[in-house]
Amino acid sequence: NMGVPEGYIEGFHCTLATCDVKRWGFIHYQPSLAGNILFLVLLDVLALAQLFLGIKYKTGLVCVSMLLGLACEYLGYVARILLHYAPFNRAYFLWYLITLTLGPVFIAAAIYLCLGRIVVVYGEGMSRIRARSYTVIFMACDLVSLVVQAGGGGLAASVPLWNQNLVIFPSIVEECD
């Protein structure tokens with residue numbers, strides 16, 4: 001059944017006091033506060049280090065891509081903290097889902113930019129394809145992956161209480177990328 005869970009009452013809003021998270025929560029568990037706060041602190045440290053290194057070594061596009069990815073990840077963990085207190089809140093769930101899906105796309109883009117530069121440093125003669133081609137090919141694959149993920153996110157956002165297993169397919173596409 002792809003509709004609402006059995007026993008759903010139209011217009012009823014769950015809280016931790018009235019509903020079981022395992023049955024009615026969007027992620028079926030209550031996210032850990034300590035773990036998510038730890039990741040926020042780590043992401044802060046990584047962002048500051050990336051900003052420092054990006055300015056020091058003048059790696060503009062790589063730095064911006066990494067910072068955008070880290071910002072998305074940061075927002076995703078903020079949403080997980082909010083989900084700790086309100087695991088039935090659809091907006092927090094979508095915020096978490098979208099930002100933690102987009103973050104790795106930007107981080108991967110930064111890695112692809114670095115890969116092209118590594119090929120230039122060690123010699124294009126050792127590579128089967130041109131250095132610029134690495135970035136173009138991988139970013140094109142990332143774009144296709146992002147479009148598929150956006151489709152899955154659109155499905156998740158468009159139907160209330162939709163079976164969230166549909167979001168797994170776009171994630172698999174990203175992992176294959």
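Worth saying up front: this structure is predicted, and the values here are computed from it rather than measured. FYI, the numbering just counts along the sequence from 1. What you see below is based on every heavy atom in this structure, not just the backbone, and it leaves out hydrogens, waters and symmetry mates.
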Asker: Find out whether L143 and M139 are in side-chain contact, i.e. whether some heavy atom of one side chain is under 4.5 Å from a heavy atom of the other.
Answerer: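 No. Closest side-chain heavy atoms not under 4.5 Å.
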Asker: Return the minimal non-hydrogen interatomic distance between L61 and L113, and the atom names on each side.
Answerer: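 Between these two residues, the closest heavy atoms are CG-CD1, 3.7 Å.
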Asker: For F39, does the CZ atom sit with more than 12 other heavy atoms under 6.0 Å from it, leaving out its own atoms?
Answerer: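 It does not: F39 CZ has 12 such atoms or fewer within range.
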Asker: How many angstroms lie between atom CG of D142 and atom OG1 of T135, to the nearest 0.5 angstrom?
Answerer: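 D142 CG to T135 OG1: 11.5 Å, rounded to 0.5 Å.
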Asker: Taking all heavy atoms of C14 and all of W24, pick out the closest pair and write down the distance.
Answerer: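 Shortest heavy-atom separation between C14 and W24 comes out as SG-CB, 4.1 Å.
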Asker: Report the distance from atom CG of L53 to atom CG of L48, rounding to the nearest 0.5 Å.
Answerer: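 Atom-to-atom, L53:CG and L48:CG are 11.0 Å apart.
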Asker: Find out if a path of hydrophobic residues (ILVMFWY) with successive side-chain heavy-atom gaps under 4.5 Å connects F26 to L33.
Answerer: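 Result: yes, single cluster for both.
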Asker: To the nearest 0.5 Å, what is the distance between CZ (R90) and CG (L83)?
Answerer: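 Rounded to the nearest 0.5 Å, the CZ-CG separation comes out at 13.0 Å.
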Asker: Does the pair E73 and T99 meet the rule for a side chain to side chain contact (heavy atoms under 4.5 Å, CB included), with working shown?
Answerer: CA-CA 6 Å; E73 295 287 322; T99 56; over 6 Å; no
Asker: Report the C-alpha distance between Y74 and V78 in whole Å, list the side-chain angles of each, state the deciding distance to 0.1 Å, and finish with yes or no for side chain to side chain contact (heavy atoms under 4.5 Å, CB included).
Answerer: CA-CA 6 Å; Y74 188 91; V78 167; 3.8 Å; yes
Asker: Do Y77 and I37 belong to the same hydrophobic cluster, where Ile, Leu, Val, Met, Phe, Trp and Tyr are linked whenever their side-chain heavy atoms lie under 4.5 Å apart, directly or via other members?
Answerer: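 Per the 4.5 Å side-chain linkage, Y77 and I37 are co-clustered.
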Asker: Could you check whether any side-chain heavy atom of V62 comes within less than 4.5 Å of a side-chain heavy atom of R117, counting everything from C-beta outward?
Answerer: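 In short, these two side chains touch, coming nearer than 4.5 Å.
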Asker: What's the shortest heavy-atom distance between P31 and N36, and which atoms?
Answerer: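 Scanning both residues completely, I find the closest heavy atoms to be CB-ND2, 3.6 Å.
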Asker: Ring-plane angle category for F138 and Y134, please: parallel below 30°, perpendicular beyond 60°, tilted otherwise.
Answerer: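 Aromatic pair F138/Y134 classed parallel.
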Asker: Is the count of non-hydrogen atoms from other residues, nucleotides or ligands lying under 6.0 Å from Y29 atom OH greater than 12?
Answerer: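 Correct, the count exceeds 12.
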Asker: Side-chain contact test, heavy atoms from C-beta onward, threshold under 4.5 Å: evaluate it for V105 versus S145 and give yes or no.
Answerer: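 They are not in side-chain contact.
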Asker: From T101 OG1 over to Y96 OH, what is the distance, rounded to the nearest 0.5 angstrom?
Answerer: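 OH of Y96 is found 8.0 Å from OG1 of T101.
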Asker: Applying the 4.5 Å side-chain criterion to the ILVMFWY set and letting contacts propagate, would I129 and I118 be lumped into a single cluster?
Answerer: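 No: no chain of side-chain contacts under 4.5 Å links I129 to I118.
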Asker: Decide whether V120 and Y122 are clustered together by the hydrophobic rule: side chain heavy atoms of Ile, Leu, Val, Met, Phe, Trp, Tyr closer than 4.5 Å, transitively.
Answerer: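 Unlinked, V120 and Y122 end up in two clusters.
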Asker: Among the clusters formed by ILVMFWY side chains lying less than 4.5 Å apart, do V41 and F52 turn up in the same one?
Answerer: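 Different clusters.
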Asker: Which pair of heavy atoms, one from I81 and one from Y85, lies closest together, and at what distance?
Answerer: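 Here I81 and Y85 meet closest at O-CD1, 3.4 Å.
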Asker: Is there a side-chain contact between F106 and L67 (heavy atoms, below 4.5 Å)?
Answerer: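 With C-beta onward as the side chain, the pair stays apart.
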Asker: Give the minimum heavy-atom separation between L51 and C63, together with the two atoms involved.
Answerer: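 For L51 and C63, the tightest heavy-atom pair comes out as CA-SG, 4.2 Å.
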Asker: To the nearest 0.5 Å, what is the distance between CD1 on I98 and CG on L102?
Answerer: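 Between I98 CD1 and L102 CG, I get 7.5 Å after rounding to 0.5 Å.
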Asker: To the nearest 0.5 Å, what is the distance between CH2 on W95 and CG on N89?
Answerer: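 Nearest 0.5 Å value for the CH2-CG distance: 10.0 Å.
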Asker: Please name the pair of heavy atoms, one in L100 and one in R80, separated by the smallest distance, quoted to 0.1 Å.
Answerer: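 So the two residues come closest at CD1-CD, 3.9 Å.
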Asker: Quick one: does any side-chain atom of E124 pair with a main-chain N or O of R130 as donor and acceptor, under 3.5 Å?
Answerer: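 Side chain of E124 to backbone of R130, a donor-acceptor pair under 3.5 Å: no, none is there.
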Asker: Does the side chain of M66 reach to within under 4.5 Å of the side chain of T59, using non-hydrogen atoms?
Answerer: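 Sidechains of T59 and M66: no contact.
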